[in-house]
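Read the structure below first, then the notes.
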Amino acid sequence: MKFTHATVPTLKEKPAEAEVASHELLLRAGMMRPLAAGIYTLLPLGALALARIEDVVRDEMNAAGACELILPTLQPSDAWEESGRWSAYGPEMMRLADRQGRDFCLAPTAEEVITLTVARIAPSYRDLPLNLYQIQTKFRDETRPRFGLLRGREFRMKDAYSFHADAADLDETYARMYEAYSAMARRCSLEVKVVEAATGLIGGDISHEFMVVSGIGEDVLVFCDSCDYGANAELESHRPSRAIGSPGGAAPEEVHTPDMTTIQDVAAFIGVTPEAVIKCVMYVADGEAVAAFVPGYREVSEPKLAAALRTDDFHPLREDERELFGGLTPGFTGPVGLRGVRVLYDSELAGGQGMVCGANRLDYHLRGVDEGRDFAAEPLADIAAAVAGDLCPRCEGSLGMARGIEIGHIFKLGLKYSEPLKAHFTDADGVSRPMVMGTYGIGTSRILQTVVEQHRDEKGICWPTAVAPLPVELIVLDPGNGSQAEAAARITGGLAERSVQVLTDERSLSPGIKFNDADLVGLPVQVVLGKKLVDGMVDLKIRHTGERRDVAAGDAVGGVIRALEEAP
RNA sequence: CGGGGUGUAGCGCAGCCAGGUUAGCGCGCGUGCUUUGGGAGCACGAGGCCGCCGGUUCGAAUCCGGCCACCCCGACCA
């Protein structure tokens with residue numbers, strides 16, 4: 001493939017829109033171009049890299065016994081109405097109407113459609129299990145698209161759906177998908193951590209996310225330093241390592257705390273640590289006032305709060321909603337004597353003694369408050385976020401935090417779709433039962449950018465061989481030189497016989513430009529044809545190490561093959 | 001959704017505050033010559049609804065209003 005034919009519009013300068021390295025490099029290396037927010041054209045090299053990644057995914061799915069199919073991307077609302085997600089998915093779904101005014105969406109995922117399809121073609125337990133997947137473009141009208149392909153509104157994803165006669169059979173496939181996903185990441189040279197995750201809009205009981213640890217990740221992860229426990233912060237569980245409260249004993253006493261609305265201020269003023277203060281965060285959930293209490297050194301976890309409240313429709317109290325709390329003031333609200341609002345206490349508050357909290361009176365706090373005696377922490381719920389140093393829920397290790405890029409997510413769905421969409425089968429006893437389902441997604445375009453994020457240096461991308469758009473770039477320094485052209489043809493032909501594709505840069509440009517473009521594009525092995533060819537030598541460069549070798553022109557093909565075998 | 005920022009040639013930017021010649025610079029692009037092992041030199045040249053609509057003015061890239069697009073931050077921690 002010629003460099004010019006591949007249209008590789010490299011950029012010398014960083015495009016203004018690129019905030020993260022991988023985004024910048026994909027643009028500068030001429031692999032993609034933006035069309036609108038979160039929507040990109042993949043140019044030939046980008047399309048090739050995506051194809052390599054999707055080949056890996058396809059290969060592992062097939063090896064795990066799944067079969068590929070193609071589902072419609074344009075889907076009628078009916079299916080989504082039946083599952084209840086037409087409304088539940090909200091504004092994130094791209095919706096449109098046809099000329100008759102019938103509602104459709106551009107599919108963000110495909111549980112409904114696959115379930116309806118399988119319901120009609122697999123009536124018997126003899127037809128199960130099934131594991132069907134597709135690799136397709138998906139659409140989600142993200143609140144805030146960003147970081148190039150990492151959070152796009154149009155993106156590529158492999159989505160698989162499995163159907164089983166019982167939960168044990170689902171467990172088996174789930175485990176196989178877990179292994180397949182690990183293998184895909186490995187083959188893409190991505191190091192993943194698997195964490196327990198919330199099931200969100202997809203639903204179901206159990207799910208695991210495949211995360212690439214990265215400072216630019218949008219998810220916060222919690223890990224144990226001694227066992228394999230790992231969880232997304234949105235549902236982690238932890239055991240506190242610090243004690244709350246303070247030495248006390250006496251009855252509650254009001255303290256004048258003018259203008260002290262932060263935990264820090266109040267704790268310092270009264271002479272206790274934040275561990276002794278009860279933090280009250282005020283929310284409005286489904287139009288009702290909710291006071292969430294957590295230890296002063298922690299923050300409320302809104303994803304956990306949503307789970308505890310059983311609603312997503314809540315937000316922190318706004319100025320104009322104060323009357324819902326009977327005029328109580330943020331900063332001075334506490335559990336003692338609080339009435340007329342819904343309350344939730346973080347479990348850690350149970351049994352706290354000698355606590356400090358808002359007095360429900362402007363500019364006053366209470367100290368010497370004991371849970372049980374002065375107020376009852378009911379109901380208890382896990383609504384606080386973890387802090388580094390908390391203890392593991394499973395062992396004696398302690399928890400640390402990291403950020404991660406979610407590349408894959410697998411779910412045990414159970415009956416969430418098969419019941420409403422009536423995906424029933426007849427079991428061996430002649431009884432009709434809903435199928436037990438699983439769903440497994442992996443973002444291939446997101447992997448594309450994640451690979452770049454994890455494999456690069458100051459000069460450009462360093463593609464791992466397995467997913468490089470092409471394995472070799474051949475740089476012909478003087479394309480007008482007959483012997484160089486001849487050698488280029490011979491080497492390209494020799495490599496083609498071994499199924500090694502070559503990107504040939506035979507542009508009439510100065511060498512520096514071609515060298516720099518080659519490093520920017522980052523194919524694993526570079527072959528340079530230049531002056532040394534007179535002495536029968538060519539240069540070979542290993543991109544990821546920068547190592548250069550002189551190789552006899554006659555052995556160039558062998559040299560490249562050897563170099564590719566060594567490259568990661 | 002809330003807040004902030006930016007829209008001027010393919011890319012990166014200046015010009016705008018203090019309105020007034022043919023709207024500039026670097027890179028890129030075209031032609032010619034010279035160059036050719038890490039982003040070459042000279043010469044000539046092409047390329048702009050100054051995001052869109054409206055207003056103010058003798059005159060608007062510049063001032064005012066509205067809209068659109070893109071980017072960033074935040075989504076309230078008391």
Side-chain angles (χ1 to χ4, degrees), chain A residues 7 9-20 23-24 27-28 30 33-39 90-92 141-148 153 257 259-267 274 277-284 291-305 314-322 325 328-334 346 357-358 360 362-363 365 383-385 387 459-460 475-481 484 505 507-520 526-534 537-539 541 546 548 550:
Chain A
T7 56
T10 56
L11 299 171
K12 196 188 275 189
E13 291 177 275
K14 171 182 168 176
E17 72 189 87
E19 285 300 311
V20 300
H23 186 192
E24 174 189 339
L27 293 167
R28 286 187 49 217
R33 282 295 154 91
L35 179 66
I39 303 176
E92 238 174 75
D141 193 359
E142 295 284 350
T143 326
R144 190 175 160 205
R146 58 176 150 181
F147 301 153
R153 292 192 293 172
T257 50
D259 294 328
M260 295 192 185
T261 59
T262 69
I263 298 292
Q264 288 302 329
D265 287 349
V266 170
V277 181
I278 299 176
K279 179 185 284 189
C280 172
V281 186
M282 295 148 101
Y283 288 92
V284 174
F293 295 101
V294 297
Y297 72 101
R298 290 190 189 272
E299 297 192 348
V300 171
S301 161
E302 292 192 352
K304 288 184 178 182
L305 183 64
F314 69 91
H315 58 264
L317 184 73
R318 292 192 305 258
E319 283 289 320
D320 61 340
E321 293 172 320
R322 290 277 185 84
F325 273 86
L328 288 175
T329 313
F332 301 99
T333 303
D346 183 65
C357 63
N360 297 325
L362 186 63
D363 290 342
H365 279 79
I383 56 172
V387 297
K459 300 286 284 181
I475 302 171
V476 186
L477 286 182
D478 183 5
N481 176 308
Q484 287 187 25
D505 188 349
R507 294 176 296 173
S508 298
L509 294 172
S510 58
I513 295 177
K514 295 201 267 192
F515 290 139
N516 281 304
D517 274 357
D519 288 344
L520 178 59
Q526 297 170 11
V527 181
V528 182
L529 298 180
K531 278 182 196 163
K532 296 177 188 168
L533 191 59
V534 176
M537 301 299 279
V538 303
D539 268 0
K541 177 174 162 182
R548 292 158 201 266
D550 282 335

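Predicted, not measured: the structure shown is a model, and the values here were computed from it.
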Does B:A69 have a Watson-Crick or wobble mate here (both distances under 3.5 Å), and if so which one?
B:U6
Hey, does A:R298 reach any base, or is it just sugar-phosphate, or nothing, if we go heavy atoms under 4.0 Å?
nothing
To the nearest Å, how far apart are A:D265 CG and B:C77 C1'?
14 Å
Value in whole Å for how far the P atom of B:G38 lies from CZ of A:R548:
9 Å
From C-beta outward on A:E302, which listed nucleotide comes closest to its side chain: B:C77, B:G37, B:C27?
B:C77
Without decimals, in angstroms, what is the distance between A:L509 CG and B:G28 P?
10 Å
In whole angstrom, give me the gap between the P atoms of B:C67 and B:C58.
28 Å
Rounded distance in Å - NZ (A:K532) to P (B:G38):
11 Å
What's A:D478 touching, base or sugar-phosphate or nothing? Going by heavy atoms closer than 4.0 Å.
nothing
Could you pick out which residue, A:H365 or A:D539, lies toward the 5' side of RNA chain B when each is mapped onto its nearest nucleotide?
A:D539
Atom NZ of A:K14 and atom C1' of B:G12: how far apart are they, to the nearest Å?
12 Å
For the ring pair A:H315 and A:Y283, is the centre-to-centre distance below 6.0 Å?
no
Atom P, compared across B:A69 and B:C53: separation rounded to whole Å:
16 Å
Work out how far the C1' atom of B:G74 is from that of B:G30, and round it to whole angstrom.
48 Å
C1'-based separation of B:U8 from B:C49 [nearest Å]
12 Å
For A:K532 and A:D550, work out which heavy atoms get closest and say how close.
NZ-OD1, 3.2 Å
Does A:S510 make a side-chain N or O approach to OP1 or OP2 of B:A40 shorter than 4.0 Å?
yes
With a 3.5 angstrom cut-off on both distances, give the Watson-Crick or G-U wobble partner of B:C50, or none if there isn't one.
none
Working to the nearest 0.5 Å, report the span between CZ of A:R28 and NE2 of A:H23.
13.0 Å
OP1 or OP2 of B:A78 less than 4.0 angstrom from a side-chain nitrogen or oxygen of A:K279, does that happen here?
yes
Could you state the atom-to-atom distance from CD of A:E24 to P of B:C11 in whole Å?
16 Å
Between B:G39, B:C1, B:G38, which nucleotide gets closest to the side-chain atoms of A:P511?
B:G38
Classify the side-chain pair A:D519/A:Q526 by whether it contains a donor and acceptor separated by less than 3.5 Å.
yes
Please state the P separation for the pair B:A9 and B:C52 - nearest whole angstrom.
11 Å
Looking at every heavy atom in both A:D141 and A:P91, which two are closest together, and how far apart are they?
CB-O, 3.6 Å
How many whole angstroms separate atom CD of A:E299 from atom C1' of B:C77?
5 Å
With rounding to whole Å, what would you report as the distance between B:C68 and B:C25 at their P atoms?
35 Å
Looking only at atom C1', what distance separates B:G12 and B:C71, rounded to whole Å?
15 Å
Side chain of A:M282, heavy atoms from C-beta onward: which of B:C11, B:A78, B:C72 has the nearest atom to it?
B:A78
Sticking with atom C1', work out how far B:G28 lies from B:G10, rounded to a whole angstrom.
7 Å
Is a salt bridge present between A:D346 and A:R298, judged by a nitrogen-to-oxygen distance below 4.0 Å?
no
How do A:G38 and A:P316 order along RNA chain B: which one's closest nucleotide is nearer the 5' end?
A:G38
Using a 4.0 Å heavy-atom cut-off, does A:A16 contact any base of the nucleic acid, only the sugar-phosphate backbone, or nothing at all?
sugar-phosphate
Distance in Å, A:C357 SG paired with A:I263 CD1, rounded so as to fall on 0.5 Å steps:
10.0 Å
Please report the distance, rounded to the nearest Å, between OH in A:Y283 and P in B:A75.
11 Å
